[in-house]
Amino acid sequence: MKKVFFAVMFCFISLFAFNIVQAEDTAVMQEEVVLASDSAPAVAVVEESIEAETPKVDTGDTAFMLICAALVMLMTPGLALFYGGMVRRKNILGTMMQSFVALGIITIVWIVYGYSLAFGPDVGHVIGSLKWSFLNGVGLDPNPDYSSTIPHQLFMIFQMMFAILTPALITGAFAERFKFKSYLIFLVLWLTIVYCPLAHWVWGVGGWIRNLGGLDFAGGLVVHIASGTSALAAILVIGTRRGYKRESMPPHSLPLTLLGTALLWFGWFGFNAGSALSAGSLAASAFVATHVGAGSALLAWMFVEWLLKGKPTMLGALSGALAGLVAITPASGFVTPISAMFIGIAGGLVCYFAVNFKEKLGYDDSLDVVGVHGVGGLVGALLTGIFATTLVNSAGADGSFALLKIQALSALASIGYSFIVSFILLKIVDKLFGLRVEDKEELQGLDLSQHGESGYRF
Amino acid sequence: MKKVFFAVMFCFISLFAFNIVQAEDTAVMQEEVVLASDSAPAVAVVEESIEAETPKVDTGDTAFMLICAALVMLMTPGLALFYGGMVRRKNILGTMMQSFVALGIITIVWIVYGYSLAFGPDVGHVIGSLKWSFLNGVGLDPNPDYSSTIPHQLFMIFQMMFAILTPALITGAFAERFKFKSYLIFLVLWLTIVYCPLAHWVWGVGGWIRNLGGLDFAGGLVVHIASGTSALAAILVIGTRRGYKRESMPPHSLPLTLLGTALLWFGWFGFNAGSALSAGSLAASAFVATHVGAGSALLAWMFVEWLLKGKPTMLGALSGALAGLVAITPASGFVTPISAMFIGIAGGLVCYFAVNFKEKLGYDDSLDVVGVHGVGGLVGALLTGIFATTLVNSAGADGSFALLKIQALSALASIGYSFIVSFILLKIVDKLFGLRVEDKEELQGLDLSQHGESGYRF
Amino acid sequence: MKKVFFAVMFCFISLFAFNIVQAEDTAVMQEEVVLASDSAPAVAVVEESIEAETPKVDTGDTAFMLICAALVMLMTPGLALFYGGMVRRKNILGTMMQSFVALGIITIVWIVYGYSLAFGPDVGHVIGSLKWSFLNGVGLDPNPDYSSTIPHQLFMIFQMMFAILTPALITGAFAERFKFKSYLIFLVLWLTIVYCPLAHWVWGVGGWIRNLGGLDFAGGLVVHIASGTSALAAILVIGTRRGYKRESMPPHSLPLTLLGTALLWFGWFGFNAGSALSAGSLAASAFVATHVGAGSALLAWMFVEWLLKGKPTMLGALSGALAGLVAITPASGFVTPISAMFIGIAGGLVCYFAVNFKEKLGYDDSLDVVGVHGVGGLVGALLTGIFATTLVNSAGADGSFALLKIQALSALASIGYSFIVSFILLKIVDKLFGLRVEDKEELQGLDLSQHGESGYRF
Amino acid sequence: MKKVSAIIKPYMVEDVKNALKEIGVNGLTKSNVEGFGKQGGHKEIYRSKEYCVQFVVKAKIEVIVQDEMVDKVINVIIKTTRSGEIGDGKIFVYPVERVIRIRTGEEGEKAI
Amino acid sequence: MKKVSAIIKPYMVEDVKNALKEIGVNGLTKSNVEGFGKQGGHKEIYRSKEYCVQFVVKAKIEVIVQDEMVDKVINVIIKTTRSGEIGDGKIFVYPVERVIRIRTGEEGEKAI
Amino acid sequence: MKKVSAIIKPYMVEDVKNALKEIGVNGLTKSNVEGFGKQGGHKEIYRSKEYCVQFVVKAKIEVIVQDEMVDKVINVIIKTTRSGEIGDGKIFVYPVERVIRIRTGEEGEKAI
Ligand SMILES: Nc1ncnc2c1ncn2[C@@H]1O[C@H](COP(=O)(O)OP(=O)(O)O)[C@@H](O)[C@H]1O
Ligand SMILES: Nc1ncnc2c1ncn2[C@@H]1O[C@H](COP(=O)(O)OP(=O)(O)O)[C@@H](O)[C@H]1O
Ligand SMILES: Nc1ncnc2c1ncn2[C@@H]1O[C@H](COP(=O)(O)OP(=O)(O)O)[C@@H](O)[C@H]1O
């Protein structure tokens, strides 16, 4: 327990230190930020602030965002079911628990300091200050910096749901072998030093990618590229499962996986359309793009697999739908339905090949987080640079080579940062606590060894 | 693959041809339509257009419709689970896949030409033109013809979810024996030549049933009668399952079926209340009617089964709830809660007896699509003619013998059209590609034979 | 059947009698009530009536409440899955059916007379009159007494969902041994003579606890304390399961329980935030409190179990989340997020110990309804008296010793009333129809013996 | 050594295990089986259709014991599970040639 | 008495049961097993990865019959299940020493 | 011919199958069973209540082999699965009278 304490402290101290060092410049920064966000082609959120002069809670927007927050919450147990169905029976609870527990851990971290780090007053364009710790100053009136028609706390909790889901996505990569205790430590640290800064860069007022004009409507960079890249780091650090490539490890319950996909798809409407932060045309457009992206990727994956492997599998269709949802995420608020179809198809195909390619590299990305979220997120981020149009979202930009370059740069930065920091973080956690369960525990399964329970007793 | 191409082309060409033939009259038509819809007692959608002079997106209505669209989306995987639980273990994936894949196929068909055929500018009162293909002209501003307070694209995607669900409903009838490839072809063709015209008749501006004053709030004709009748055609064409009546074929997982029912019921609120296209009194009234209809049919089926078979079964209660939801669908926006109770009870009882009666005819309607959707939809359509009241919906009509006649006529037209066209369509697909899997594949189960997967590995 | 008739009649007659006896005073009462609710620190609902002078349906609020009602509906099947996963395989359908059938029974009871008893014009501060039977006068215009921005029927159906869920909660206590027929009778009677009066006391205009200033935002007293206490009565009357403490009775499917928890959590947003009856700051605040309460209790239970039993179990995490949701329910509209965290932690810890303590008393509270809902509801009701602040809800009150006393008194009254009436009621039903299934049926399982079905056929 | 194999009603397993434990049986193996026999004909109702479920869920208990224990084991099983109704089940006795405990390699009586 | 134990394809169970019933077999016990054999090598595809599922789902049918019935039973099983393809399964015959019906305590032939 | 039947830990199945394959065993049948034995007493925790799960999930492997293979098979199984801890499982050997391959009708050695 001492070690846990030490590690956590270390991170906190570094963050605080950085905050203090930068503290003096903050006043100046703030002004800069205001200028920046006025001039730069800022995202979704700005749109509202132009419309509504005096921020007043709008019942329609608030109704929408409340339900969207609930929908995004549902994605985390949806993910638990999605992943849970794909592992072997003996690991179902261990796998589901890794997602579910994020609903506890991140919730607390987020209100204590996470939200402040990610969205709080900018410090050096890279992180939020700790001024909003314990939701200090995060009240029930709208904060026009983010949205002028819904309570600030509602924006905070909507974002919390993203922060809960993102690290849970990573768990698919190291499924069936991660020690629960170490996972909890990883969860807290990863959120603190990978997610919060990244979210700040892209969405926080003053964040450098936001200022640069990088477009990420609902989290292609922050959610999918971050989780996918960190998953890659995790695979490299933790190694393959015992028996990988020797034993077959088929999914133990595809109906669960279908159910999980359904809940994810359903929740994704909240995720993407909700990222409009208001119930208007932009939300409708994002909703349509999301659905079309998912549907077309579903077909793309299914048909290419049918062609190459001889059968149209259900898991393929489910994976395709997911890949489409991932790919459309950064683009959803900037593209037309027909563009969404192309992005979906691209997402489905590229992810299909990525997943197959991994096989050859010998990495044990158990549930294909890199191939689906990492690659899918990247595809989406880049294609946003091509398909974006101000006809759909006047606060966005038009696809161009310049935009594409910005998108590529933003993606690269996200990839680099997530990979390096996650890699180091995991190495440290491994040294201090060990990432893997014992061989015997792995054989017995995570359910019994980590949680003292069995999934089923038929 | 050539054959597929041929078949699809054939349909397209006929449709195009029809469009061209009628092209010259269209200008005239349009005017006629306007007159018609002014004079006729038009449905729900008109109500709004009277209230709001200049169409402006309302955040409350939009919030509501966005979530409703998401809810209706969820019904399709809900149906997959509902049906999946009722088949034998070896067919669970095959069964679920038939629903799930509709989320891909129909999504694309709908944006490419389906929406245009169903809701596009009227051609001869029977079909929409192809002017709105590729969502051409279907933008983010409201289209007052359908709803003046939500983006047109939102109306489009809300309707898309109906188009996805409806053919998926049919699959229950021919469960456990349909070839996946042929199913995909059937799916596209059925949507094109059965669903789209029918939707146009009933809901499209200019559709003849709409002009006639037939009431169908949320799809008793278009969704339930159409799917139920087509299911009947399908059963006749494809024949019984191997071992039908000789082997017992009990459901393999009723908990899945309960879950599916729960999601269907939940989604049905979006389906029925959402058909008000706005978040006001009408939606609330439809919501209440929906719930009361479901609850009372649940009891009706459960008690009659208890009386006649000696046990109150859970599957009976689930089936009853579904029958009630079906029966109340066309009526939901026109009746009081107490009328809804009577419609629910009637739906529950009549469907119960219909399902039992089928037994005697020897048809293998595997999951009772005819008995529940066909019969339930008919009961609902007729009772709407009796129970409808303008106190609930001023744009509706009052129950009367005249209205009942219109309802009967509309139902009859829907039944006749769906049955005949589906029958011919299935015969053709059968000739060209074969509808059934091989005997050996049927024995092995659809999961392994069609998709190369197993549902569970416990 | 005669006996059923007799028992039901008895209750009806008593209620009617009471209504008639009080009838003369009603006119006077009404005025009193108006005065009372003006002077007393009335709950949530009042807030709106101040804002909006002339009641007009607001699309945003209506959109929100429609979806919230749907969300709360989903909680009942969610509960069915939650409980279903925890019983032994042979009882899954019997267990799920007890929840599911409430969706039928209570729906009808509620529209026939339940809503009127609970929320109808006050009679003697303890019950509503029967004036609103058959939803007489419960129309589509807002009723400003309860909410001035949504249709009255919408308020009615939102409350219906609570009435459906509450008795279903009790079933966990006597799982695996209750006769289905007797359960139906119990259901109707309990709702009539326990729930309706209690709901009237706390939420009905004129109810004495409401007048007293007792705070119960979303049902700590009415839902959780009532169900928990009645569960205790039920356990005492019905006795332990055959083999209790001799055989092990582990849950048969924890993935189902996770799914159930997910749906409950999701639905709880509708339950708590929806209790604001409008889509504004109060709803947002309740939403945040709900989520934070759940998340922190999840951790509290998990960690204390880890410490004391050596493993962090998934069922522990799920139970903790539920305990947190229960504890935050009465407080959700009155407290800050940080207070919610403390309430959640307290709820998680106290319920953990309560559940353990039961073990020692030898009661067979099969799925821990007393320990989670009874105790959790009590913790929440009391802590509301400490943490409530008018900064969050101006219609609430500030935590104080005085408020705490009121809360304690309200809780005590609810406990006393629910326990005594439930106890007597169950004794009577036991005498007349027998509560328990036969020993042989218990051995065989409820699924086959009560419903003639098996849950799975793998 | 013999194998006593009993096909019984599933809910009897715990009782049988406990009863056998009392007479000194230290190991047994249980599996889930489905039986067709005289009991055949139990009905289930799905969508108002009565299914004659001819296979009934049963448990199979296998105990390997020394020859002299066989009668005792049989009697205990009968005593615990007999209800006198069709479907109580059957007991079969098979010869066993060798028994080996994997952990120690012990053979024969010691391995039981 | 003998135990005839057949490992067959699961979807053959109903047919076998019916065929055996016709020749007078009044009881049998079925269980779900997984077999590895020549048939080994059936492929499943998950996430585009082909799994060589070496264990194939099979059903095991056990019938205890009098010695003179053994051949008949074997023939019926073969007739019903033979498709000529790999994986049709195998039949094993074991000696049975005693058979007891729990309900009545009857032993031997009467108990079958 | 003999049937070698081993009750082992479920996660050992793949290893055992592979090891047996190496010594020339071409077929085996696996089933899921639950065992009660010395290992008894593994605990699970549900709602903070500790359950002494006395039945432990095990796998049963059945191999029918020629007499001369029996020792080899036993040794391989022991070698693969022995961890020295309680619960490693047991091996039972039963006589088998006949073996028939359904597909071909072959009997005896050829059918194995
Ligand atoms: N000849 C048999 N071979 C194998 N199993 C049998 C045989 N006869 C009975 N069984 C098993 O014993 C169970 C109980 O037998 P059944 O005839 O139903 O009742 P009873 O033994 O009371 O007459 C059956 O379900 C079946 O599993
Ligand atoms: N030696 C054996 N011991 C135990 N079971 C066997 C043996 N050989 C085959 N089996 C069982 O019989 C099934 C069918 O055998 P297989 O070799 O696949 O086909 P076939 O009998 O047609 O050659 C296998 O799946 C396995 O369950
Ligand atoms: N007498 C027996 N009859 C049948 N099965 C047995 C017998 N003894 C042990 N087993 C099976 O072998 C398994 C392992 O035995 P156990 O006593 O737990 O460990 P060990 O063999 O290492 O002492 C048990 O779980 C049980 O399935």
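Here is how names work: the chains are called A, B, and so on, in the same order as the sequence lines, proteins then strands, and each is numbered from 1. Values below: all heavy atoms of this structure, side chains included; hydrogens, waters and symmetry mates excluded.
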Structural part of A:S449 lying under 4.5 Å from a heavy atom of chain C = backbone
Distance-only, no hydrogens or angles: does the A:Q153 side chain make a donor-acceptor pair with backbone N or O of C:V288 under 3.5 Å?
-> no
With only heavy atoms counted, which part of A:I106 is less than 4.5 Å from chain C, the side chain, the backbone, both or neither?
-> neither
Relative to chain A, which segment of C:M341 carries a heavy atom at a distance below 4.5 Å: side chain, backbone, both, or neither?
-> side chain
Do A:L256 and C:L259 touch side chain to side chain, with heavy atoms closer than 4.5 Å?
-> no
Distance, nearest 0.5 Å, that separates CD1 of A:I157 from CZ of C:F269 | 6.0 Å
Side chain, backbone, both or neither of A:M65 within contact of chain C (heavy atoms, under 4.5 Å) = neither
Quick one: what part of A:A102 sits under 4.5 Å from any heavy atom of chain C, side chain, backbone, both or neither?
-> neither
Can you say whether A:L448 sits under 4.5 Å from chain C via the side chain, the backbone, both, or neither, judging by heavy atoms?
-> backbone
Please flag which part of A:M97 lies under 4.5 Å from any non-hydrogen atom of chain C: side chain, backbone, both or neither.
-> both
Structural part of C:F287 lying under 4.5 Å from a heavy atom of chain A | both
Taken to the nearest 0.5 Å, the spacing of C:S248 OG from A:R457 CZ works out to 6.5 Å
Between atom CG of C:L254 and atom OH of A:Y456, what is the distance when rounded to the nearest 0.5 Å?
-> 9.5 Å
Side chain / backbone / both / neither for A:S454 at chain C, heavy atoms under 4.5 Å | backbone
Are any of the side-chain heavy atoms of C:K311 and A:Q450 separated by less than 4.5 Å?
-> no
By a 4.5 Å heavy-atom criterion (distance strictly below it), what part of A:I108 contacts chain C: side chain, backbone, both, or neither?
-> side chain
First locate atom OG1 of A:T107, then atom CG of C:L299, and finally report the distance between them rounded to the nearest 0.5 Å.
-> 8.0 Å
Which distance, rounded to the nearest 0.5 Å, do you find between the CD1 of A:I150 and the OG of C:S281?
-> 10.5 Å
Do the side chains of C:W265 and A:L74 get nearer than 4.5 Å, heavy atoms only?
-> no
Do C:H291 and A:I164 have side chains that get closer than 4.5 Å, going by heavy atoms?
-> yes
Contact class of C:A297 relative to chain A, heavy atoms under 4.5 angstrom | neither
Turns out that what part of A:L66 lies under 4.5 Å from chain C's heavy atoms comes down to both
